[in-house]
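Here the structure is laid out as structure tokens; the discussion comes afterwards.
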Amino acid sequence: MTGSSGHDVTIVDACTRRGEGGSPTAVLIDDIALSDSARRAIVRRAGTSHAAFVDPDAGITPAVRFFTAHGELTNCGHGTIAAQAVLLRRSGAKEHRARQRTGGRTFDTTAVQRDDGIEVWFDQGTVELQGCTAAELDSILAALGVSPNDLATDDLPCVASPGTPRLLVPVLALPTLHAMRPDLRRLAAECRRLGYLGCFVYTLSPTRDAATARMFAPAIGVGEDVVNANSAGCLAAHLYATHRHSSIEVEQGHAAGRPSLVFATATATTDGISASIGGTATIAPVSVTC
């Protein structure tokens with residue numbers, strides 16, 4: 001890929017499953033003179049849904065900003081995994097424990113070279129959980145094309161926020177999840193009205209240690225996200241709060257033909273329920289120019 005601005009961009013498949021799939025994410029060791037509109041343009045030219053821009057002058061605690069073609073995000077889970085994988089590759093080390101600054105927050109990260117890619121874990125921080133009203137839920141379900149009868153009977157929808165709220169929606173059956181065809185324009189309007197990043201729709205295994213999920217975020221210009229790692233962390237926090245189940249594996253990306261896997265664990269802290277998120281990333285052998 002070639003563009004007139006000449007920025008070298010690394011494409012990373014974040015949160016792969018057995019070395020395949022994952023969410024293609026652009027990572028740029030940032031030119032801090034770039035305008036935000038230029039960063040949005042790079043996302044469009046790279047052909048990815050998200051991009052991570054890493055400040056090259058921030059030393060051992062790099063500042064990382066995330067953009068879609070529509071604008072900047074407060075944080076991005078799979079983008080963090082992609083950025084830390086690139087930083088490990090650039091260091092030449094096999095393992096790196098570091099910290100990252102994003103969205104006014106500094107947090108711990110770990111990256112380790114494995115046979116099937118680079119495994120990255122990061123501290124998501126505290127996840128705030130709250131219920132939603134019946135009216136709010138009804139408007140979202142209508143936009144999703146999901147009937148109240150499709151919802152799981154042993155779980156409840158909730159609003160989860162690691163900084164930006166999103167609605168977690170449990171459905172009873174896997175076929176319902178796979179068959180969903182939301183009205184994205186209507187869903188975008190409802191999410192903007194309610195202040196949601198998007199809707200994370202999932203179905204749980206009987207033991208609640210695994211889930212399959214889809215993330216719809218048209219309000220930020222991403223009709224369906226291949227993988228949304230922060231929402232997996234939110235789900236881990238929700239399950240810890242409701243069932244005291246602390247770890248989960250979340251499969252995503254089936255609708256896009258890019259199977260993805262996110263790991264998440266939740267613990268109780270003095271500030272609330274905190275989550276840690278992990279995933280494996282593979283890096284394209286050649287950078288592209290955008």
Side-chain angles (χ1 to χ4, degrees), residues 10-27 43 46-52 66 68-69 73 75-86 114 116-122 124 144-146 160 162 166-171 173-182 184 187 197-205 209-236 239 247-265 275 277-284:
T10 302
I11 304 298
V12 181
D13 290 330
C15 303
T16 57
R17 183 174 179 266
R18 301 189 185 98
E20 298 181 348
S23 179
T25 306
V27 179
V43 180
T48 59
S49 61
H50 299 70
F66 301 104
T68 68
L73 304 176
N75 52 53
C76 178
H78 70 270
T80 292
I81 289 169
Q84 290 298 324
V86 169
R114 305 291 190 195
D116 61 346
I118 297 172
E119 181 181 337
V120 177
W121 282 83
F122 67 93
Q124 185 183 29
L144 288 171
V146 172
R166 78 279 327 269
L167 185 66
L168 309 183
V169 182
V171 295
L174 199 56
T176 300
L177 182 71
H178 288 323
M180 289 179 60
R181 299 293 184 271
L184 293 178
L187 183 62
L197 173 79
C199 295
F200 190 70
V201 189
Y202 64 93
T203 184
L204 290 172
S205 69
D209 61 354
T212 303
R214 297 175 69 181
M215 177 65 173
F216 303 101
I220 60 167
V222 182
E224 180 166 1
D225 215 348
V226 173
V227 61
N228 193 281
N230 275 326
S231 292
C234 289
L235 178 57
L239 293 177
S247 298
I248 192 166
E249 296 183 4
V250 183
E251 291 191 13
Q252 300 176 52
H254 293 284
R258 298 192 61 87
S260 305
L261 187 63
V262 181
F263 307 97
T265 63
I277 297 170
T280 301
T282 59
I283 299 175

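Annotation for Thr282 and Gly117: closest pair CG2-CA, 4.2 Å, computed over non-hydrogen atoms. Residue Phe200 comes nearest to Ser231 through the heavy atom pair CD1-CB, 3.3 Å, listed as atom of the first residue, atom of the second, then distance. For the pair Ala213 and Tyr202, the tightest heavy-atom approach, listed with the atom from each and the gap, is CB-CB, 3.8 Å. Shown here for Val227 and Ser23, the closest heavy-atom pair between the two residues is CG1-CB, 3.2 Å. The heavy-atom pair separating Gly21 from Thr16 by the smallest distance is O-CG2, 3.5 Å. Among all heavy-atom pairs drawn from Ile11 and Ala46, the shortest one is CD1-CB, 4.4 Å.
Atom CZ of Arg181 is separated from atom CZ of Phe216 by 8.0 Å, given to the nearest 0.5 angstrom. Interatomic distance, CG of Asn228 versus NE2 of His50, reported as 7.0 Å (0.5 Å rounding). Taken from CD in Glu249 to CZ in Arg17, the straight-line distance is 9.5 Å, to the nearest 0.5 Å. Of the inter-residue distances, the one linking Leu197 atom CG with Leu167 atom CG reads 11.5 Å to the nearest 0.5 angstrom. The structure places OG1 of Thr280 at 13.0 Å from CD of Glu20, a figure rounded to the nearest 0.5 Å. Here the straight-line distance linking atom CG of Asn230 with atom CZ of Phe122 works out to 5.0 Å at 0.5 Å rounding.
No side-chain heavy atom of His78 sits under 4.5 Å from any side-chain heavy atom of Val226. Considering only heavy atoms from C-beta on, Thr48 stays 4.5 Å or farther from Thr25 through its side chain. At least one side-chain heavy atom of Leu204 sits less than 4.5 Å from a side-chain heavy atom of Leu239. With a 4.5 Å cut-off on side-chain heavy atoms, Asp225 and Gln252 do not count as touching. Annotation: side chain of Pro24 is in contact with side chain of Arg258 (closest heavy-atom distance under 4.5 Å). Looking only at side-chain heavy atoms (C-beta outward), Val201 and Thr176 stay at 4.5 Å or farther from each other.
Across Thr212, Leu144, Leu177, a single residue satisfies side chain to side chain contact (heavy atoms under 4.5 Å, CB included) together with Val171, and that is Leu177.
Judged as a side-chain hydrogen bond (donor to acceptor under 3.5 Å, both in side chains), and not counting sequence neighbours, the contacts of Asp209 are Ser205, Thr207. Annotation: side-chain contact (heavy atoms from CB on, under 4.5 Å) contacts of Ala275 (sequence neighbours excluded): Gln124, Val127.
Although no hydrogens or angles enter the test, the distance criterion places a donor-acceptor pair under 3.5 Å between the side chain of Arg214 and the main chain of Met180.
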